[in-house]
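Working notes for the structure below.
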Amino acid sequence: MLKLFRTDGETATEIAGSTVALERHLQVLIERNMAIMLRVRFLDSEVSTGTVHAGRIDSLGLDEDGSPVVMEYKRGRDENVINQGLFYMAWLRDHQADFEALVSRKLGAAAIEEVDWTSPRIICVAAAYSRYDRHAVGEIGHRIDLVEYRYFGEELLSLDLVASTAGASSRAGQGSAAAPAGGRRTVAQRLAGTPAEVQTLYKELDGRLLAFGDAHSVELRHYIAYRRSGNFATVKVLSGGLRVFLRLDPKSVPLEPGFTRDVSRIGHHGTGDLEVRIGSAADLDRAMPLLRASFDAVA
């Protein structure tokens, strides 16, 4: 449980946390600040699922990777919030054209190209989850984030990511997946077609990134994302090596030609403004301080 204290010299006084009186208040606050709070672009609220599903999705969004997001809120502890999210995710997968039309209306027609259906997400926001909830999301096989909220006084709101699962999408290097619609190859298939040295290098990078701690990876259309509360590294697989994009300010890093590059003004797949090129085990060793710094920067 997250605790907050007010300090005065050597004295600490705990600030009591509370929940909202009305669920709608929490929903409106997060919808208005979704990009800052959750790195998700807000699309619409109270979305009707028609007569068959006969429900309303609290919020729809598009995350930093272009993954569609279903959001559900509960002011207290409610075991049904996860089930509701799964119910609406089934609707969303059957109504991809409707979702993309919404993206076009809200973000512009060009934004449709960003939408990646490889691994849609469910984000649940509630006051608390049971240990059964936290365990269940790892068994369900969908990409789900459980976020606990707490108010401290009138001006402080905490959002604590207490569980996050990558779902059942294939991991690069762990077997090939069927090609998605349109004949595009998955990241796993592209990796399988690279030289053995690149495959070995990726497996080593993967192990080191996950060894940092509370992180998991998600295979998306163009890259593998390594996440905490947001992406701290995104990895592209090329025949000659790996490109890693980190959430670091390029101005804070001494750039080395052929190794690190500022891509803040260059269009690229992957999140992060610093590109690191890894073509050998020596490059990976040299990149470790940067990888760790990006991990630490994404709490």
Side-chain angles (χ1 to χ4, degrees), residues 39 63-67 116 118-119 138 143 161 164-177 184-250 252-264 266-299:
R39 296 191 176 96
D63 77 4
E64 59 187 341
D65 297 310
S67 297
D116 186 346
T118 307
S119 189
R143 193 175 171 199
L161 181 65
S164 184
T165 61
S169 61
S170 62
R171 283 279 310 283
Q174 296 183 0
S176 60
R184 293 187 299 267
R185 293 191 301 164
T186 65
V187 176
Q189 289 169 332
R190 290 197 294 272
L191 180 61
T194 62
E197 308 84 68
V198 175
Q199 297 180 43
T200 299
L201 191 61
Y202 170 73
K203 289 178 181 178
E204 180 65 23
L205 171 64
D206 176 72
R208 295 195 190 190
L209 290 175
L210 295 179
F212 284 150
D214 59 334
H216 66 267
S217 66
V218 180
E219 183 186 338
L220 298 160
R221 187 197 308 173
H222 300 290
Y223 52 81
I224 306 106
Y226 289 80
R227 299 180 54 79
R228 301 183 77 189
S229 60
N231 294 347
F232 67 91
T234 52
V235 180
K236 288 195 67 176
V237 176
L238 303 174
S239 59
L242 309 172
R243 297 289 183 272
V244 184
F245 298 93
L246 302 178
R247 196 166 245 122
L248 292 175
D249 182 357
S252 68
V253 176
L255 300 180
E256 303 177 47
F259 179 59
T260 51
R261 182 169 67 135
D262 180 350
V263 292
S264 58
I266 301 172
H268 62 283
H269 293 301
T271 54
D273 291 336
L274 180 68
E275 178 192 83
V276 182
R277 301 185 178 189
I278 300 177
S280 66
D283 288 340
L284 179 54
D285 289 339
R286 187 160 51 134
M288 285 303 294
L290 297 175
L291 302 177
R292 181 73 207 200
S294 187
F295 173 83
D296 291 339
V298 180

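What you see below is based on every heavy atom in this structure, not just the backbone, and it leaves out hydrogens, waters and symmetry mates. Quick note: residue numbers are just sequence positions, from 1.
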- Message: Could you report the tightest heavy-atom contact between Ile278 and Ala287, atom names first, then the distance?
- Response: CD1-CB, 4.1 Å
- Message: Using modelled atom types and a 3.5 Å cut-off, is there a donor and acceptor pairing between side-chain atoms of Ser294 and backbone atoms of Leu291?
- Response: no
- Query: Salt bridge or not for Asp214 and Arg228, using N-O below 4.0 Å?
  - Reply: yes
- Message: Tell me the closest heavy-atom pair linking Ser217 and Leu210, and the distance in Å.
- Response: N-CD2, 4.1 Å
- Query: Which is it for Leu242 and Val198 under the side chain to side chain contact (heavy atoms under 4.5 Å, CB included) test, yes or no, and what are the steps along the way?
  - Reply: CA-CA 8 Å; Leu242 309 172; Val198 175; 4.2 Å; yes
- Query: Got a sec, which residues hit side-chain contact (heavy atoms from CB on, under 4.5 Å) with His216, two or more places apart in sequence or on another chain?
  - Reply: Ser164, Ala166, Val218, Arg227
- Message: Going by side chain to side chain donor-acceptor pair (under 3.5 Å), Arg261 matches just one of Glu256, His268, Glu275. Which one?
- Response: Glu275
- Shortest non-hydrogen pair, Ala225 vs Asn231, comes out as CB-OD1, 3.6 Å
- Between the CG atom in Asp283 and the OG1 atom in Thr260, the distance rounded to the nearest 0.5 Å is 10.5 Å
- Short side-chain to backbone donor-acceptor contact, Glu219 and Ala188, under 3.5 Å: yes
- Message: Is the ring pair His269/His222 parallel, tilted or perpendicular, if the boundaries are 30 and 60 degrees?
- Response: parallel
- Task: Check Ala233 against Leu246 and note the closest heavy-atom contact, atom names and distance.
- Result: CB-CD2, 3.8 Å
- Note on the structure: So the ring pair (Phe, Tyr, Trp, His ring centres under 6.0 Å) pairs with at least one residue in residues 272-292 (sequence neighbours excluded) are none
- Task: Can you measure from OG (Ser229) to CZ (Arg39) and round to the nearest 0.5 angstrom?
- Result: 5.0 Å
- Note on the structure: d(Tyr202 OH, Leu209 CG) to nearest 0.5 Å is 8.0 Å
- Under the side chain to side chain contact (heavy atoms under 4.5 Å, CB included) rule, what do Phe232 and Arg247 come out as? Steps first, then yes or no, please. CA-CA 6 Å; Phe232 67 91; Arg247 196 166 245 122; 5.6 Å; no
- Task: Fit a plane to each ring of Phe212 and Phe295, take the angle between them on a 0 to 90° scale, and name the class: parallel (under 30°), tilted (30 to 60°) or perpendicular (over 60°).
- Result: tilted
- Rounded to the nearest 0.5 Å, what's the gap from CG on Leu220 to OG1 on Thr186? Could you check? 11.5 Å
- Do you know which two heavy atoms are closest between Leu201 and Ala281, and how far apart they sit? CD1-N, 3.9 Å
- CA sep, side-chain torsions, deciding dist, call: Thr200, Glu204, side chain to side chain contact (heavy atoms under 4.5 Å, CB included): CA-CA 6 Å; Thr200 299; Glu204 180 65 23; 5.7 Å; no
- Message: Ignoring hydrogens, what is the shortest heavy-atom contact between Pro195 and Ser239? Give both atom names and the distance.
- Response: CD-O, 3.4 Å
- Message: Donor-acceptor pair, distance only, cut-off 3.5 Å: does the side chain of Ser264 make one with the backbone of Asp273?
- Response: no
- Task: Using a strict cut-off of less than 4.0 Å between a Lys/Arg side-chain nitrogen and an Asp/Glu carboxylate oxygen, indicate whether Asp285 and Arg208 qualify as a salt bridge.
- Result: yes
- Give the intermediate values and the outcome of side-chain hydrogen bond (donor to acceptor under 3.5 Å, both in side chains) for residues Ser67 and Asp65. CA-CA 5 Å; Ser67 297; Asp65 297 310; 5.2 Å; no
- Message: Whether the side chain of Arg221 engages the backbone of Thr118 through a donor-acceptor N/O pair (distance < 3.5 Å, no angle test) should be reported.
- Response: no
- Within a strict 4.5 Å, meaning less than it, do heavy atoms of the Val276 and Phe259 side chains meet? yes
- Task: Give the C-alpha distance, both sets of side-chain angles, the deciding distance and a yes or no for side chain to side chain contact (heavy atoms under 4.5 Å, CB included) between Leu255 and Leu274.
- Result: CA-CA 9 Å; Leu255 300 180; Leu274 180 68; 3.7 Å; yes
- Carboxylate-amine/guanidinium contact Lys203 Asp206, below 4.0 Å: no
